[in-house]
Amino acid sequence: MPELPEVETIVRGLRRAIVGKTIARASVYLKKIAVTPRGVSFEEALAGDAVLSVIRRGKYAVLRLASGRALVVGLRMTGRLVVLGRRQEKPAYTHVEILFTDGKRLAFADVRQFGRVRLVQPGEPWDAALGVEPLSKSFTPEAFIGMLSGRTTPVKVFLLDQRRIAGVGNIYACEALWEAGIRPGTPAKRLTGAAVRRLHRALVEVLRRAVGMRGSSIDDYVDARGLKGGFQNVLSVYGRTGKNCRRCGDSIVRTVIAQRGTWWCRTCQK
DNA sequence: CCGCCGCCCTGCTTGC
DNA sequence: TGCAAGCAGGGCGGCG
């Protein structure tokens, strides 16, 4: 499940590998994965364009092209974005492949076919609905307090809402709530100022640490070079049903909040 | 504006 | 042991 740290790791890898390269050809093996404006053919539109830069926005990897357009890649749950050498075999379930003029290739693979590679036009506000970047300066404790005030939504559901904060998924929402000692089901408006400040700090810290460890490989996440991350080894609650809480030793429980598995410690999180 | 529901998919887990 | 059914999950469109 690629979230902010995983996508950031992929983006850093892509930056080193494909910035400056010119696209020779694009191939789409499964139509619905490659999304374009009406009447535009993905393959025809991309040939000859070049990669200017690669950035991350929320859980999306964005390849900015010389033409002013961009390729916005949403990996969803099982999407992979991998750079391949000239003769390297493409991963299973590769749906979109981009060949560069120097022979290197970029493959988008996705078992479940939920991910998308979208070609957006210059100036198209594709990310208008995305909220604040949690690792940016504008995500302050005060801003966070304002966002949560008056909301009845369980705090965990709020953390997962990409319209508020962009990039947090199930893993890091669970981890941050454990770190801050807050129950996932607590209505947002019930949190004290002190609790919101703890959560803010925990969220930023957990995300930073996970970026530093190149993300979590829970299911099948790998970076642009096909390498696994390291944060799955130091998770405190996510996926640790029945295991001991690293803080108090009590056993971690799994409950369901908003149709999503939620892991937490009944003793540490109040 | 907000929140909830169902859908998209396939591999893995569960239960008989 | 084998097989079918159930489940998981991020984002989005539809609906109230």
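A note on names: the letters A, B, ... follow the listed sequences, proteins ahead of strands, and every chain is numbered from 1.
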If I take atom CG from residue A/L4 and atom CZ from residue A/R56, how far apart are they, to the nearest 0.5 angstrom? 3.5 Å
Roughly how many Å is it from CG in A/D161 to C1' in C/dG10, rounded to a whole number? 12 Å
Respond yes when some side-chain nitrogen or oxygen of A/K59 is under 4.0 Å from OP1 or OP2 of C/dG11, and no when none is. yes
For A/G261, which contact category applies under a 4.0 Å heavy-atom criterion: base, sugar-phosphate, or nothing? sugar-phosphate
Does A/Q162 make a side-chain N or O approach to OP1 or OP2 of C/dG10 shorter than 4.0 Å? no
Roughly what angle, to 10°, lies between the helix axis at the start of the helix from B/dC2-C/dG16 to B/dC16-C/dG2 and the one at its end, five pairs per end? 50°
NZ/NE/NH1/NH2 to OD/OE distance under 4.0 Å, A/R57 and A/E133: yes
Nearest-angstrom distance from the residue atom CD of A/Q259 to C1' of C/dG6: 16 Å
Decide whether A/Y172 and A/E6 meet the rule of one side-chain donor and one side-chain acceptor closer than 3.5 Å. yes
Starting at atom CZ of A/R76, determine the distance to atom C1' of C/dA8, rounded to an integer number of angstrom. 15 Å
Measure the CD1-NE2 distance between A/I165 and A/H200 for me, rounded to the nearest 0.5 Å. 8.0 Å
So A/F158, base contact, sugar-phosphate only, or nothing? Heavy-atom distance under 4.0 Å. nothing
Would you mind classifying the nucleic acid contact of A/R163 as base, sugar-phosphate or nothing, using non-hydrogen atoms under 4.0 angstrom? nothing
Going 5' to 3' along DNA chain B, between which two nucleotides do contacts with chain A fall, using a heavy-atom cut-off of 4.0 Å? B/dC2 to B/dG11
Do A/K243 and A/S251 pass the side-chain hydrogen bond (donor to acceptor under 3.5 Å, both in side chains) test, and can you show the C-alpha distance, the side-chain angles, and the key distance before you say yes or no? CA-CA 5 Å; A/K243 298 198 171 145; A/S251 78; over 6 Å; no
Closest non-hydrogen atoms of A/R247 and A/C268, given as atom of the first, atom of the second and distance, are NH1-CB, 3.3 Å
Mind running a 4.0 Å heavy-atom check of residues 110-127 of chain A against DNA chain B and sending the residues that fall below it, in number order? A/V111, A/R112, A/Q113, A/F114
Classify the nucleic acid contact of A/T78 as base, sugar-phosphate or nothing, counting any heavy atom under 4.0 Å across all strands shown. nothing
If only side-chain N and O atoms count, and only distance matters, is there a donor-acceptor pair under 3.5 Å linking A/D223 with A/T9? no
Which atoms form the tightest heavy-atom contact between A/E89 and A/R105, and what is the distance? C-NH2, 4.4 Å
Is the distance from the ring center of A/W178 to that of A/Y238 below 6.0 Å? no
Ion pair A/K104/A/D102, N-O distance below 4.0 Å: no
Minimum heavy-atom separation for A/L160 and A/G169, please, with both atom names. CD2-C, 3.2 Å
